[in-house]
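Below, chain A is the first sequence line, B the second, and so on; all start at residue 1.
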Amino acid sequence: MLDARYLRDNLDAVRTALGGRSAGWDFDRFASLDEERRRLIGEVESRQARRNEASRSIGELMKAGKRDEAEAAKSEVRAVNEEIETLDAQLAAIDADVREMLLTIPNVPDESVPVGTSEDDNVEVRRWGTPPAFDFEPKAHWDLGPELGVIDFERGVKLAKSRFIVLGRDGARLNRALINFMLDTHGARGYAEWAVPAMANADTLLGTGQLPKFEEDLFRTSEGLYLIPTAEVQLTNLHRDEVLEAETLPRQYCAYTPCFREEAGAAGRDTRGMIRVHQFDKVELVKFATPETSMDALEGMVTDAEFILQQLGLAYRTIVLCTGDMGFSAAKTYDIEVWLPSYDGYKEISSCSNCTDFQARRAGIKYRSPGEFKGSRLVHTLNGSGLAVGRTLVAVLENYQQADGSIVVPEVLRPYMGGQEVIR
RNA sequence: GGAGGGGUGGCAGAGUGGUCGAUUGCGGCGGUCUUGAAAACCGCUGACCCGCAAGGGUCCGUGGGUUCGAAUCCCACCCCCUCCGCCA
């Protein structure tokens, strides 16, 4: 959510900065609603002031025994109350409209973000590692997995529905090894680990921006709870409606959770394999930082996510998303893409964003620093995959495959696999 | 799920219709005192909205209702605690 005052004073600048991202958002309607809202507030409050004053005098008149005067004052207040009621109804309607508009306008990109309209305008910032050269025809994970008995697509469909998968035998163990390796590595690098609910309520999802605009991406239970699409939702909302002490910042959190996505708009995309499924595991990183340090914190988070790929020996490239390709809450986003032989290219495995104060304003996450400024200010929130475990598993299978169909276990994972060196 | 109790400012804890946004204690900030510190004493100390400002308004779990007026009364919902039941 953007600050209403900021938006009011910078309407055209925001319109320009958002470009196509704000398609369908009516800036002029906002301007007139906002103006009308402030006018009505003035109307209501001047009447409330009159009513409060009159009510006070009624109390005094009653005490003084002047009943007739008190009765006269009462009827006057009744009349004022009727006016207030009418104005209040108008104000409530406009408030709801303004709020709805504020909740559906995306974050404003940081100045350092390249301007563009699609993923074609994203900018690669670096590459690491060399894609493996095979002296045989490498297989895709959707062939390797079933052949090794580590991924079972048919049974995933049987147990749930399409786009659900089952991991078997060494697939399940490799998955768990990846989770533990990631958590241990991030833990050693300053991220505190949490275990959080896999379901979240509407307030929580409103706080991070999934609601109200993207409800169709979520699974909803009959209780009105939602399955979390990412642990970012929970880690960020841990501090919803809290004021953090400045000296405790930055805070760095991580968590492993399953993630659930409806993938409503993805029919036909990535239909083969386990690249795009309804449920996947992810280790998530979240930071709370001051406005002055959040951009540096983002660079650090990307480095931490990249470190996992380096340790695993997987080639990747890092790109900065252009203005047109960023998510709703982000002011700046880096995607890390891992090399996948089946794609003969790089595929997203992590996305790290600085959401600046966008989520903090929705969720009421502030910090204070008594010596530095009075009151409290909004923190900046950041989140990033560290990494998507399912896609990492795919990357390991495909990049470490041998001519005989076996998989070499990356060295850093062997301690988590009981010393096992090969999956066959 | 059943029965009972309770949700007030950073925390603790008063307040059952009228200057209560709210007594008091702790904590925090500033000051006096002190070589310094502690103690003691004095003062300050919630958030949000509209406004250039003066000022005004809202907020005592949430949402309704009664009333000229509600933290205080009524209704619904949410959450917490205790006991019982059930249960991984």
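Between A:Met295 and A:Glu299 the shortest side-chain heavy-atom distance does not fall below 4.5 Å.
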**Request:** Could you check A:Ile319 against A:Glu337 for side chain to side chain contact (heavy atoms under 4.5 Å, CB included), going step by step and ending with a plain yes or no?
**Result:** CA-CA 8 Å; A:Ile319 60 178; A:Glu337 300 181 332; 3.5 Å; yes

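In plain terms, the two heavy atoms of A:Val422 and A:Ser406 that are nearest each other are CG1-CB, 3.7 Å. The two residues A:Arg240 and A:Ala363 have their closest heavy-atom pair at CG-O, 3.1 Å. Here the closest heavy-atom approach between residue A:Asp170 and residue A:Met417 is recorded as O-CE, 4.4 Å.
For the C1' atoms, the distance from B:G21 to B:U32 is 31 Å, rounded to whole Å. Taking atom P in both B:A53 and B:C48, the straight-line distance is 16 Å, to the nearest Å. Nucleotides B:A14 and B:U24 have their C1' atoms positioned 7 Å apart, rounded to a whole Å. Atom name C1', nucleotides B:C33 and B:C26: the rounded distance is 23 Å, in whole Å. Taking the P atoms as reference points, B:G43 lies 11 Å from B:G25, given to the whole Å. Nucleotides B:G46 and B:C29, compared at atom P, are 15 Å apart to the nearest Å. Annotation: B:G56 and B:G6 have their C1' atoms spaced 36 Å apart (nearest Å). B:U23 and B:G13 have their C1' atoms separated by 10 Å, given to the nearest Å.
Both distances falling under 3.5 Å, in either a Watson-Crick or a G-U wobble arrangement, occur for no nucleotide opposite B:C86. Shown here, B:A12 forms a base pair with B:U24; the pair counts as Watson-Crick or G-U wobble because both key distances fall under 3.5 Å. B:U67: no Watson-Crick or G-U partner with both key distances under 3.5 Å is found in any strand. In a base pair of the Watson-Crick type (N1 to N3 plus N6-O4 or O6-N4) or a G-U wobble (N1-O2 and O6-N3), with each distance short of 3.5 Å, B:U32 is matched with B:A40. Under the Watson-Crick and G-U wobble criteria, each requiring two contacts below 3.5 Å, nucleotide B:G17 is left unpaired. A 3.5 Å limit on both hydrogen-bonding distances identifies no Watson-Crick or G-U partner for B:C60.
Following rounding to the nearest Å, A:Glu242 (CD) and B:A47 (C1') show an atom-to-atom distance of 15 Å. Rounded to a whole Å, the CD atom of A:Glu85 is 13 Å from the P atom of B:C68. For the pair A:Glu35 CD and B:C50 C1', the interatomic distance rounds to 14 Å; values are reported in whole Å. Here the C1' atom of nucleotide B:C29 and the CD atom of A:Glu245 are 13 Å apart, to the nearest Å. To the nearest angstrom, C1' of B:G10 lies 14 Å from CD of A:Glu247. If you measure from atom CG of A:Leu91 to atom P of B:G57, you get 16 Å, rounded to the nearest angstrom. Here the C1' atom of nucleotide B:G51 and the CZ atom of A:Arg39 are 16 Å apart, to the nearest Å. Spacing between atom CD of A:Glu43 and atom P of B:G56 amounts to 18 Å, rounded to whole angstrom units.
By the neighbour-count criterion of 12 heavy atoms within 6.0 Å, atom CD of A:Glu292 is densely surrounded, having more than that number from other residues, nucleotides or ligands.
Between B:U67 and A:Arg78, no contact under 4.0 Å exists linking OP1 or OP2 to a side-chain N or O. The side chain of A:Asn81 contributes an N or O atom lying less than 4.0 Å from OP1 or OP2 of B:G69. A close approach under 4.0 Å does not occur between any side-chain nitrogen or oxygen of A:Asn52 and OP1 or OP2 of B:G69. A sub-4.0 Å separation between OP1 or OP2 of B:C50 and a side-chain N or O of A:Arg5 is present. Contact check, A:Arg37 against B:C50: a side-chain N or O comes under 4.0 Å of OP1 or OP2. Between A:Arg51 and the phosphate of B:G69, there is no side-chain N or O to OP1/OP2 separation shorter than 4.0 Å. Between A:Lys366 and B:G46 there is no side-chain polar atom (N or O) within less than 4.0 angstrom of OP1 or OP2.
Between A:Arg368 and A:Arg56, the one whose closest nucleotide on RNA chain B sits nearer the 5' end is A:Arg368. Place A:Arg38 and A:Val77 on RNA chain B by their nearest nucleotides, and A:Arg38 ends up nearer the 5' end.
Ring orientation note: the planes of A:His239 and A:Trp194 are nearly perpendicular, at an angle over 60° on the 30°/60° scale. Below 30°, between 30° and 60°, or above 60°: for A:Phe164 and A:His278 the angle between ring planes is between 30° and 60°, a tilted geometry.
No engagement by A:Arg50 is indicated, since no non-hydrogen atom pair under 4.0 Å with the nucleic acid exists. Note on A:Ala49: only backbone sugar-phosphate atoms sit closer than 4.0 angstrom, heavy atoms only; bases stay farther off. Residue A:Ile58 is classed as a base contact, given a heavy-atom separation below 4.0 Å to a base. Backbone-only contact: A:Arg8 has heavy atoms under 4.0 Å from sugar-phosphate atoms and none from a base.
In this structure, the nucleotide among B:G51, B:C49, B:C68 sitting nearest to the side chain of A:Lys74 is B:C68.
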